S.K.: 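Structure in structure tokens, see below.
Lettering of chains follows the sequences in order, A, B, ..., and the numbering in each one begins at 1. A quick note: this is a predicted structure, and the numbers were derived from the prediction, not measured.
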Protein chains: 2
Amino acid sequence: MKQGVDLLFFAARDVASEGAGKLAEAGLGRAHRRALYFIARHPAISVADLLAILKVTKQSLGRVLNDLLAGGYVERKPALRDRRMRQLRLTEKGTALESALWAAQRPKLVRAFREAGPEAVMGFRRVLMGLADEARRAGDGTP
Amino acid sequence: MKQGVDLLFFAARDVASEGAGKLAEAGLGRAHRRALYFIARHPAISVADLLAILKVTKQSLGRVLNDLLAGGYVERKPALRDRRMRQLRLTEKGTALESALWAAQRPKLVRAFREAGPEAVMGFRRVLMGLADEARRAGDGTP
DNA sequence: TATTTTACGTCAGGCATGCTGACACAACTA
DNA sequence: TAGTTGTGTCAGCATGCCTGACGTAAAATA
């Protein structure tokens, strides 16, 4: 049982560690990467929704977002329906960076999934869904 | 595929978040918890080995370890065979804290494992082993 | 229309965690 | 004896996260 926790720790860390080089080149950190990643996953996401996903404070996200905006990785536009909301999207430059980062960690995923086999991957998903918090348990893992 | 990364992120974060209260009571942080956890997992572990597991610098670990020693959670004794090496062990107090922390996160694990079923748990393990770095891939997940 | 609420941005300051570099010492090894 | 290894420590710096307080624009509501 504890072995599962060990593995979760190592896997999360080691997967996240891929692509650290490219990130440093761009002068960004892990926090920027997470924001970049989830904006890519949820185009036009609002700031409030991104906050809910990342579970950090407005101020923490604010700084990261400003860096990404200044670097031209992300664009921020008022939503049509409610102009208080700012929709976040990756720019072309942001998309390129995100793709490069994903390309760095993808092989590890591909290999692990292939070696483990499809049934194992199903189980992997089932267990992780159970471990993620209540709010996400009923969902698809990508709130 | 990316969903797997999402889940890994959420699961690792949400599992680690359990017991944050008890930790704060003791005036400790996440870094202390990780050290506590791996010392519990590997009694009499040397400083160098703990460094290798956590992949942090000697200085970072040093601070954490000093806090734990000062708080009476961990004891440090020279190894018999090689007296340069310091063996780290939890004290009674440390064991109590670690148990309390584990008790806080255990139910989430139990429920997730039970709901997913044994085959899923097998798959979960297989995939995570593949995701953890080379050095651990051949091992048992607890280097 | 006037008021309140919502969504967002920002200033100020603080703590925890990580890093590099440099140095010191005791104990083991060749 | 000379070198290597395991450990501890000082000094300084970057990142990432936090709380609290305040301001603004737009929407919702009384």
Side-chain angles (χ1 to χ4, degrees), chain A residues 9 12-14 16-17 20-21 23-39 42 44-71 74-89, chain B residues 9 12-14 16-17 20-21 23-39 42 44-71 74-89:
Chain A
F9 171 75
R13 186 188 60 185
D14 295 341
S17 76
L23 211 58
E25 276 176 36
L28 302 173
R30 299 169 219 118
H32 300 98
R33 181 187 197 152
R34 285 194 291 277
L36 212 56
Y37 177 79
F38 282 107
I39 293 172
H42 305 274
I45 190 174
S46 74
V47 173
D49 288 348
L50 187 53
L51 281 174
I53 289 181
L54 297 174
K55 286 190 185 166
V56 297
T57 58
K58 195 170 43 164
Q59 293 87 334
S60 299
L61 180 58
R63 240 175 330 155
V64 168
L65 232 37
N66 282 334
D67 293 345
L68 292 174
L69 288 164
V74 167
E75 65 175 13
R76 177 167 61 185
K77 287 194 293 195
L80 294 178
R81 237 195 43 193
D82 181 340
R83 284 179 315 189
R84 287 172 306 180
M85 286 203 250
R86 309 306 171 80
Q87 297 183 323
L88 302 170
R89 284 188 190 79
Chain B
F9 171 75
R13 186 187 60 185
D14 294 341
S17 76
L23 211 58
E25 275 176 38
L28 303 173
R30 301 171 215 115
H32 301 97
R33 182 188 196 152
R34 285 194 291 276
L36 212 55
Y37 177 80
F38 283 107
I39 294 172
H42 305 274
I45 190 174
S46 74
V47 174
D49 289 348
L50 187 53
L51 281 174
I53 289 181
L54 296 174
K55 286 189 187 166
V56 297
T57 58
K58 194 172 44 163
Q59 294 86 337
S60 298
L61 180 59
R63 236 178 331 173
V64 167
L65 231 39
N66 281 334
D67 293 344
L68 292 174
L69 288 164
V74 168
E75 64 175 14
R76 177 169 59 185
K77 288 195 292 197
L80 295 179
R81 235 194 45 192
D82 181 341
R83 283 179 314 188
R84 287 172 306 178
M85 286 203 249
R86 308 307 170 81
Q87 298 183 323
L88 302 169
R89 284 188 188 78

S.K.: Suppose we call a contact any N or O donor and acceptor under 3.5 Å apart; does that hold for the side chain of R84(A) and the base of dT6(C)?
M.R.: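 Per atom types, the contact qualifies.
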S.K.: I want to verify a distance call: between dG16(D), dC18(D), dT9(D), whose nearest atom is closest to the H32(A) side chain?
M.R.: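 Looking only at heavy atoms from C-beta outward on H32(A), the closest nucleotide is dG16(D).
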S.K.: Quick check for you: among dG8(D), dG18(C), dA27(C), whose closest atom lies nearest to any side-chain atom of D82(B)?
M.R.: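 Closest nucleotide among those given: dA27(C).
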S.K.: Could you work out which one of dA27(C), dG9(C), dG16(D) sits closest to the side chain of V47(A)?
M.R.: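 Among dA27(C), dG9(C), dG16(D), the one nearest the side chain of V47(A) is dG9(C).
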S.K.: 5'-most contact on DNA chain D: R34(A) or A79(A), nearest heavy atom basis?
M.R.: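 Whichever sits nearer the 5' end wins; that is R34(A).
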S.K.: Classify the side chain of K58(A) and the base of dG9(C) as holding, or not holding, a donor-acceptor pair under 3.5 Å.
M.R.: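 By the distance-only test, yes, there is a pair.
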S.K.: How far does CD of Q87(A) sit from CD1 of I45(A), to the nearest 0.5 angstrom?
M.R.: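 Between atom CD of Q87(A) and atom CD1 of I45(A) there are 10.5 Å.
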S.K.: Between the axis at one end of the helix from dT1(C)-dA30(D) to dA30(C)-dT1(D) and the axis at the other (five pairs apiece), what's the angle to 10 degrees?
M.R.: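 About 30° separates the two local helix axes.
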S.K.: What's the closest nucleotide to the side chain of S46(A) if the choices are dC8(C), dC18(D), dT10(C)?
M.R.: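 Ranking dC8(C), dC18(D), dT10(C) by closest atom to the S46(A) side chain puts dC8(C) first.
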S.K.: Taking for each residue the nucleotide of DNA chain D with the nearest heavy atom, is it R81(A) or R30(A) whose nucleotide lies nearer the 5' end?
M.R.: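 First, find each residue's nearest nucleotide; the 5'-ward one identifies R30(A).
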S.K.: Any idea which of dA7(C), dC18(D), dG16(D) is nearest the M85(A) side chain?
M.R.: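 Nearest nucleotide to the side chain: dA7(C).
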S.K.: What's the closest nucleotide to the side chain of Q59(A) if the choices are dT7(D), dG16(D), dT10(C)?
M.R.: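 Closest nucleotide to the Q59(A) side chain: dT10(C).
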S.K.: Does a distance-only test, which skips hydrogens and angles, find a donor-acceptor pair under 3.5 Å between the side chain of R63(B) and the base of dG18(C)?
M.R.: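 Answer is yes: a donor-acceptor pair is held.
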S.K.: Return the nearest nucleotide to the side chain of S60(B); candidates are dA27(C), dC19(C), dT7(D).
M.R.: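 Output: dC19(C).
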